[in-house]
Amino acid sequence: MPELTKRERMKMERTDMPMRDACDRATDFEEVNLGYTSAMAVLEASRCIECKRAVCIDGCPVGIRIDDFLRYVAEGDIASAAAVIHEDNLFPAICGRVCPQESQCEGACVLDKKGRPIAIGHLERFVADRERTRSLTEPPRLTPPTDRKVAVIGSGPAGLACAGDLAREGHAVTVFEALHELGGVLVYGIPEFRLPKEIVASEISRLEKRGVRFETDVLIGSGTTLEELTSEEGFDAVFIGTGAGLPRFPGIEGEELIGVYSANEFLTRVNLMKAHESESETPVYDLYGRSVVVIGGGNTAVDAARTSLRLGADPVKMLYRRSDSEMPARREEIEHAIEEGVEIRYLVAPTSFNGVDGWLESVTIQEMRLGEPDESGRARPEAIKGAFETIEAAVAIIAIGNSPNPVLTRSTPDLATTKWGTIEVDEGTGETSIPGVFAGGDITTGGATVILALGAGRKAAAAINEYLVS
Amino acid sequence: MDRRFAICGASTIGPDIVRLVVEAPRVAAHAQPGQFVIVRVNDHGERIPLTICDSDPEAGTITLVVQAVGSTTTQLNVMTIGEHLADVLGPLGTPTGIDRFGACVVVAGGVGTAIVLPVARALTRAGNRVTAIVGARNEDHLILLNEMRDATNEVIITTDDGSAGRHGLVTDALGTLLAEGDVDYVFTAGPIPMMQAVAGTTRDKRILTVASLNPLMVDGTGMCGGCRVTVGGESKFACIDGPDFDAHAVDFITLSKRNTAYLEFESCRFDEATEAIDA
Ligand SMILES: Cc1cc2nc3c(=O)[nH]c(=O)nc-3n(C[C@H](O)[C@H](O)[C@H](O)COP(=O)(O)OP(=O)(O)OC[C@H]3O[C@@H](n4cnc5c(N)ncnc54)[C@H](O)[C@@H]3O)c2cc1C
Ligand SMILES: Cc1cc2nc3c(=O)[nH]c(=O)nc-3n(C[C@H](O)[C@H](O)[C@H](O)COP(=O)(O)OP(=O)(O)OC[C@H]3O[C@@H](n4cnc5c(N)ncnc54)[C@H](O)[C@@H]3O)c2cc1C
Ligand code: FES
């Protein structure tokens, strides 16, 4: 491509992500986005105006050298771009798909002021997919084996990232996972149509090649305790990445009715247990032609709504208690959901689930308005007196957030926790109140993001390495 | 990875009821009375909860007693030595609170006998005087009687048709015991209506009564909330807060209703599983 001037570049349009037609995709679980072609990627990357100080990097929670990787893509050198990304992000194929770019790198991009930030997420995904399918880069050189053993509890992004880095340093790493599959929320929560499971599996097999051992079906703290890992099984250090997996319920009437699901249960039945496939033994309510109401406004709520659509539900309504601009889900997913036919109602909150003979039939909702900002800085929703409405619902899915899973913390009395049940850690190292025990990801922050969990896992890995060699 | 969870013992102990001994060293090393495992038979199998009836830490094995009521339990009923389960996760749940209560009665119905047995053993070991009431439809459906006799001071049998022991319900026998003298603690496991009736029998006398509940479960780790039960007006997750709860506070009607959530789906699957095995 000929050298373009800065002015010319600023005039270029953002390259849209090719995607499947909304009618088509809303009936199956295949991925929605199709990915850039090489030509598209080069074109998009060459829009970068190469700011002297690349502010996009400040927006990235793990500080990827975005300017360098974009320049390599514009030059068509995908292998070098991949190498740059890999320095800071172990799982770019995942993050390129699920990061909230609009509030991170792309939100910081100076072109965002014109409403056309560089599509950094799409490009990250492009580079990672090329690298993964064509093995463009060499696997990292591993440090010769040390005689140190590390236990990683939980195989979500935090645990996987920590395990990957420690294995590269030559330590013998075992990851313990409670479920029968590895990947945490990446496999049981985020649906196939946003994040194909094959990608998660290929990242895990890379870690296996680095020598990481995985043991599924072990819930540390119920049976084997954390203390036993160090005292009896000879682990020299432990990383806890057990996530925020305990679903919250709103505490209103009728939650016990058949038809009221937590989003975790609904998504687990479909994503992990494949309840929608004919050979699966796990049931899920028949949603075909029935009305589904989803409560919440985050990624989990959007995923539950779009999964319901794919199981044939009609209509699918999301109820969110604040307004559009406060909705925490990724922008792209909200847009996709609306295109697919999800109806979003803002400023409403459920007050009761109503049923007949134990089965859900409707949800009573109350209209809200926005009041003064709360501690989080977002406007606090207030009930409008007397403004109630009852809407039909065969199934209601609750996605109002998760608390930290208490199994491990309850069985480890020495582990200091906050009043929210999250584990207290040193910000810089992830070290907990127990020497040699580190933690990171949702178990320390409460429900957050994949990239923050990855970042925390790697930070802890560096601290664990230091702890082991010193 | 080497295949884990080999079956090293399988025997039929009642109509459609088998005892399986399964290799699961981590579970065996830690299992306590009242705890359970989540089992998956194969890669497209459902995750189902089963009580750890016994465990042998040295051999690294646990004993499960399974009654065929649906698809997964029917598949388990025909498994043989040398086969493997896809997954065994556990021990799960809060162990039964064992104390020196005094005079204890354990009340079991049907396959609930397998759930009661490890608790009866632990109560006896803790120095209690333990009476077991074991009920079943008829003589054929009585299981684990010798084990129960070894574990307790006395076993009272009741059958619906009078083919063995006393003719009548477990609650008749329990009522008699309550009328005769002091009972300090009651533990019960079995069909929901039976547990509800046991709670009704001991309520007026305010005898500490614990029921081991059996809601539908998925993960068994607190992640899905599908196992929630209403206890004292509050919602609890049976897989981590239970499965034992104060029987006088449990909303059995809701529990029994919630367990019918997938009845239609399950009966199709059951037919398929039975046909596959008959074929
Ligand atoms: C439906 C859904 C959609 C989401 N979408 C997005 C998105 O688009 N973008 C984004 O950035 N973030 C998203 N998130 C949030 C993101 O997935 C989480 O922040 C992230 O997965 C946290 O990673 P983690 O490693 O801390 O924990 P998790 O991913 O929760 O993994 C924890 C793992 O530990 C296991 N475990 C728990 N306790 C034990 C124990 N005692 N012993 C052994 N194993 C244990 C669990 O089974 C689990 O596999 C979403 C979350 C959900 C639920
Ligand atoms: C903590 C706990 C411990 C248990 N321990 C044992 C045990 O030691 N031995 C044993 O045989 N069973 C036990 N159960 C019950 C066992 O889990 C169910 O029978 C099993 O899940 C049924 O699976 P299925 O696929 O064979 O039948 P499904 O096709 O799922 O169901 C068939 C029929 O069984 C009913 N059913 C399903 N799940 C349950 C349940 N949890 N309780 C009662 N009825 C149910 C359904 O309503 C339906 O009528 C236990 C349950 C719990 C929660
Ligand atoms: S079985 Fe999922 S939370 Fe208890």
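In what follows, every chain begins at residue 1, and chains take the letters A, B, ... in the order their sequences are listed.
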Aromatic plane relationship, A/Tyr285 with B/Tyr262 - under 30° parallel, 30 to 60° tilted, over 60° perpendicular: parallel
Presence of salt bridge, B/Asp241 and A/Arg410, under 4.0 angstrom: yes
Validation row: A/Leu179, B/Met223 side chains within 4.5 angstrom (heavy atoms): yes
Proximal component of A/Val260, with respect to chain B [non-hydrogen, under 4.5 Å]: both
Side-chain heavy atoms of B/Ile240 within contact of A/Val407, under 4.5 Å: yes
Heavy-atom pair count under 4.5 Å with chain B, highest-scoring of A/Asp357, A/Leu272, A/Asn402, A/Asp286: A/Asp357
N-O pairing of B/Arg47 and A/Glu281 below 4.0 Å: no
Heavy-atom contact with chain A under 4.5 Å, split by part of B/Ala31: neither
Sub-4.5 Å side-chain heavy-atom contact between B/Arg228 and A/Ser262: no
Pairwise side-chain contact, A/Pro247 with B/Phe237, heavy-atom cut-off 4.5 Å (strictly under): yes
Top contributor to chain B interface from A/Thr224, A/Leu257, A/Val218 [non-hydrogen pairs under 4.5 Å]: A/Thr224
Heavy-atom pair with the smallest gap, counting every atom of B/Pro91 and A/Ser222: O-OG, 2.6 Å
For A/Ile258 against B/Ala261, the heavy-atom pair lying closest together: CG2-CB, 3.6 Å
SB check A/Glu228 B/Arg26 (cutoff 4.0 Å): no
Test item: A/His180 and B/Leu89 side chains (from C-beta on) under 4.5 Å apart, heavy atoms: no
A/Asp217 vs B/Val88 side-chain heavy atoms within contact, under 4.5 Å: no
Carboxylate-amine/guanidinium contact A/Glu256 B/Lys257, below 4.0 Å: no
For the student: nearest non-hydrogen atoms of B/Cys224 and A/Glu265, plus distance: O-CB, 3.5 Å
Contacting region of B/Thr221 [heavy-atom separation from chain A under 4.5 Å]: both
A/Glu181 portion near chain B, given a 4.5 angstrom heavy-atom threshold: neither
4.5 Å side-chain heavy-atom contact, A/Met273 and B/Arg40: yes
